[in-house]
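The next block holds one structure in the form of structure tokens; read it before the comments.
Quantities reported herein were computed from a predicted structural model and do not represent experimental measurements.
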Amino acid sequence: MSDTLAAVRNLLKTISRSYVTVVVIALLVGASVAPIVWGATSSPDGTVAVIEIDQSITEPTADAVAADLQEARENESIDAVVLKVDSPGGGVTASERLYLAVERTAQEMPVVTSVQATGASGAYYLSAPSDRIYVAPSSIVGSIGVRATYIDAPMSEGQIATGPDKAVTSEEQLKQQTEMMKQTFLGTVMDHRGDELTLTETELAYAKTYTGTEAVENGLADEIGDTEVAIGAAADRAGLDDYDVVTMEREQSLSLSITLEDGGEQPTASPQHRPQTFGNYGGVNTPAFLAMWGSISSETVVDATDGDASLTGVTNATAADRGGEQP
Amino acid sequence: MSGGLRTRLALFVVVVTLTVSAVGAAGVVTDHGHTEKPSVEQPHFQPDAVEVDDLERDGKIEYEHVGESKTVLIDVAYANDVSRADLQPFVSALTAGGHDVVYHERHDSDRTVEDRRDRLRDRLQDVDAYVVVEPGARYSAEEADVVAGFADAGGRVMFAAGPETGGTADILSGLLGLSAPTADGEIESVSSSVGIAYDTGYLYDMETYEHNYRTIAATPTGDAALTAGVDRVVFDGPTRVVGDGPTLLSTNPTAEHSETREAGEYGVAVRSDNAVGVGDAGFMTGERYNRADNEVFIGNLIDFLVSGDKAPGEPSGPSDGGAAHDELPEGIGEDADGGSDGS
């Protein structure tokens, strides 16, 4: 019995001292570590995240885009962001929020904007802090201004208020507030694009829109290029030779229609999001401040900070009808 | 036995302590995560970067010709886009100065152009001054002739209208059987008879404005009595007015025309003999009458209206046919060069 044990012990000793055993164990260890080393040496250097802003900017869409940007900042595998913008803008506050989120992201990593058909008003607002703005020749950018809806409805009978301005904002005050928002918007654009712009602040305040070609000339955009060019530029800025491209997925479609006050198309409510109605809070109508280019059905914009922002159907029709020469 | 148990217990405690310490240390060493606590430090987002002044507001309407009672007729018969409340400061000042204010309203018996013309003439014969604010329906040539006759006889006339005339007024005027609804030119259909023409479009200024690009100031162009004591009058998107008399107020040279986009010093208040035309009506409302020197200008306008010397019983007799005043063609551009021929 003890002889058998001694034989086994000797055998094990011999095996443990054998070169073959060492080689086999080394191969096993090497095989398990090799994929990690392979991955580290041959996989892409990093990732460029593409975040789409492809509708008007409402609070729900701003929530989703801001969350994507936060994810980009926190996810260490993301090295650069491309904003794929196709939007006429939206609410002033939602646009300001996204501006702040984009600027925050741009402080941590390269952010490049690729404008599709439209990057106007609030959509330009959020694009302003990008390192580069790429446009197509036919893209529409600009419309730097704010407009507001004004409800000229005195407090209804049977109510008591503690001050004359409790229920409604006067037209004059609304104009002042709109002007303040315009100054912030304009100041933001000048701050980020002032060095590139050939337009003066006053020229910008007309809130005119420009084609991509014009925008490259006047400094509102940097270069003509599509989204692939923008992605390449973002990767370049992040120092990535080899990179992955990830399009940030949204949990659900956020396509909500927009309405103002209590008129217009009714929004399609989704269970997760309060429908965005700009100035209509469940039966309570307030002035709506918009950084938006284009007209909205049933919109009654009475005030704007510039000569070009009011593009409502009614206003346009009236202006067109008036045509004719001056005396 | 107890010694063995103690040893085992000590070993257990040591192992547990070492394990927990090692995990804790590993956590500290490997912890690179942090939760964002962002702040907003953008200077252009701070209150200091925004500056919108309140409009200066004080003063009351004062004028010289107080006590000698004159009668001022305010025309509200042409679907005028003005409520009596809009003119309250103006009317109150007139009344407080001992003058009478009467209104010319649409009447059910006004079935034909001649009816309306005759009734307007009847009203004008009894008054000393005539005020037309934001008409929403056009005057017929015969009615315009009556107004011209009134001004010729020494009656004072004031027109005030901005670029916007209500679309509903056009529909209403059609329903009421007034002259055919038109897109524009309502004020000009009567003002041109006394040599005052209204432009289309509004004026704005992107360089110098109050709190909105359309809220702009106009300054006196000369030493006319109508602008005595006035430094600046603030209008909201006024329309350009031209006349065959002196321009009273004009905009800054940086003001632009909404349609041509040309910059220039546009006249927004003119005088033509016994008539005065202002390219805005909103400057007289309770909300705006005391902005800048608006109240001084309104006082001067009242002085002008009540200091006329109209011949008694004028304008008299039926019109001679009004051949000089065919219905204004569509658009007012063609008529904008005056047309005081009807006087």
Stepwise side chain to side chain contact (heavy atoms under 4.5 Å, CB included) check, A:D191 with B:Q42: CA-CA 9 Å; A:D191 190 65; B:Q42 286 78 357; over 6 Å; no

Heavy-atom distance under 4.5 Å to chain B: side chain of A:Q70, backbone, both or neither? side chain

Non-hydrogen side-chain atoms of A:R104 and B:V40 separated by less than 4.5 Å: yes

If you compare all heavy atoms of B:H211 against all heavy atoms of A:E179, which two are closest, and at what distance to 0.1 Å? O-CB, 3.3 Å

Pair B:E256, A:Y206 - check side chain to side chain contact (heavy atoms under 4.5 Å, CB included), show working. CA-CA 12 Å; B:E256 295 179 13; A:Y206 278 78; 2.4 Å; yes

Closest heavy-atom pair and its distance - A:S170, B:E287: CB-OE2, 4.2 Å

Closest heavy-atom contact between B:V52 and A:Q176? CG1-CG, 3.7 Å

Here the gap from A:K175 atom NZ to B:Y209 atom OH, rounded to the nearest 0.5 Å, amounts to 12.5 Å

Contact part of A:E172 toward chain B, heavy-atom cut-off under 4.5 Å: side chain, backbone, both or neither? both

Pair B:H44, A:M190 - check side chain to side chain contact (heavy atoms under 4.5 Å, CB included), show working. CA-CA 9 Å; B:H44 46 270; A:M190 291 309 290; over 6 Å; no

Please classify the contact between A:Y99 and chain B as side chain, backbone, both or neither, with a heavy-atom cut-off of under 4.5 Å. side chain

Side chain to side chain contact (heavy atoms under 4.5 Å, CB included) assessment of B:M206 paired with A:T200: CA-CA 12 Å; B:M206 296 300 287; A:T200 64; over 6 Å; no

Which bit of B:S258 is near chain A, if near means a heavy-atom gap under 4.5 Å: side chain, backbone, both or neither? neither

Contact origin within B:E210 toward chain A - heavy atom pairs under 4.5 Å: neither

Which answer fits B:D53, side chain, backbone, both or neither, if we ask what part of it has an atom under 4.5 Å from a heavy atom of chain A? backbone

